[in-house]
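Encoded as structure tokens, the structure appears first; notes follow it.
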Amino acid sequence: MKEFDVIERFFNCKSYQRKDVIQGIGDDCAITRVPDGLNLATTTDTLISGVHFPIDTAPEAIAHKALAVNLSDLAAMGAEPAWFSLSLSLPSVDEAWLDAFSKSLFELAEYYSIQLIGGDTVNGPLSITITAQGFVPQEHALIRSGAMPGDLIYVTGTLGDAGIGLGILQGKHDVSQHCADYLVNRLNYPAPRLLAGTALRRIASACIDLSDGLVSDIKHILKASQCGAKIQVDKLPLSVALKEAVEVEDAYQSALSAGDDYELLFTVSEEQKGNLDIALASANISVTCIGQLTGLKEKLELRYEDEPYQVQRSGFEHFA
Ligand code: ADP
Ligand code: MG
């Protein structure tokens, strides 16, 4: 099978189809239409075998994660998914692998009504680059720079699961099958918080998705907004499986600094708190308040009950 056969068989016409796509896969460019009054949000993420996922990761998980991490960026801007392109570097044409990869990819794409509109297919080490685009109402994108001292800090879902999931795959933890399945699943199949992202428009003062670890990612908001933050470590939301799998200290360390959570971290002013509660209740989204912003520029204070708390390692960074 050659390049065009791969595109034709596994990627062309398999995707969820949208009315705003004038030209999808098959020409030199895709042509799409952005509705009046909406702005276009664009994001790209690359996953490389052995860097972003263990080399023996199932194709279904690789596909899900490659799209989910991009959807998570759209969620963090309050954007609604529309289109994506896929640049695929493959070491060989493995039809069973491509079949599993494309099925999983299109399943997630269909769930979020996002259409594959183009890409590139080349021969090389396994790597997946997705560029995703979505719509956000003018003036209502969830940017990193809108936070103010006194704003409350929230996160969606639970933190630290994926970090311990990776540790389990690396043989670092001896845990029950049930916990292992849950935590590895959180690593391989992150759920992008798109519903939360759109619900937070006009309510959150700043928002970011957690990909590199909480202490690392919150610094982007602190820098962009010129604020500090006080985080109450004992308030960080932990899953039942995480608490069962590791000592509580390891669970909080993972929640603070492990990557791959893909939860949203956002800030809300005291005045907007009532609106937040209403918006979350009607969308059935669970969030936890973990601290408050301060006026101490870019200073991050961690406390455990009433004591200062140290993080053992900061988040993931390439070239570090
Ligand atoms: P070009 O020669 O203009 O670079 P290609 O031959 O790479 O175009 O691709 C032909 C068509 O197939 C284009 O519309 C391109 O967007 C699409 N395409 C290529 N690879 C993929 C892929 N992995 N997924 C989706 N569409 C793809
Ligand atoms: Mg090309």
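Indexing begins at 1, ligand by ligand and atom by atom, following the structure's order. Worth knowing before you read on, the calculation uses all heavy atoms, side chains too, and leaves out hydrogens, waters and symmetry mates.
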Close-contact set for ligand 1 against F4 heavy atoms, below 4.0 Å: 6 (O)
Parallel, tilted or perpendicular: rings of Y154 and F266 (30°, 60°): parallel
Numbered atoms of ligand 1 (with element) below 4.0 Å of D28, judged on heavy atoms: 3 (O)
Pair listing, ring-ring contact (aromatic ring centres under 6.0 Å, His included) test, anchored in residues 238-261, at least two apart: Y252-Y304
Exam field: side chain D151 to backbone M148, donor-acceptor pair closer than 3.5 Å: yes
G24 N/O under 3.5 Å from ligand 1 N/O: no
Numbered atoms and elements of ligand 1 in range of D27, under 4.0 angstrom, heavy atoms: 13 (C), 14 (O)
Which donor-acceptor pairs under 3.5 Å do the side chains of residues 101-110 make with protein atoms, sequence neighbours left out?
from: S102; atom 1: OG; to: L98; atom 2: O; distance (Å): 2.9
from: S102; atom 1: OG; to: D99; atom 2: O; distance (Å): 3.3
from: K103; atom 1: NZ; to: D99; atom 2: OD2; distance (Å): 3.0
from: S104; atom 1: OG; to: E60; atom 2: O; distance (Å): 2.7

Check: L195 main-chain N/O paired with T198 side-chain donor or acceptor under 3.5 Å: yes
N or O pair under 3.5 Å between G119 and ligand 1: yes
Location of contacts on I7 toward ligand 1, heavy atoms closer than 4.0 Å: side chain
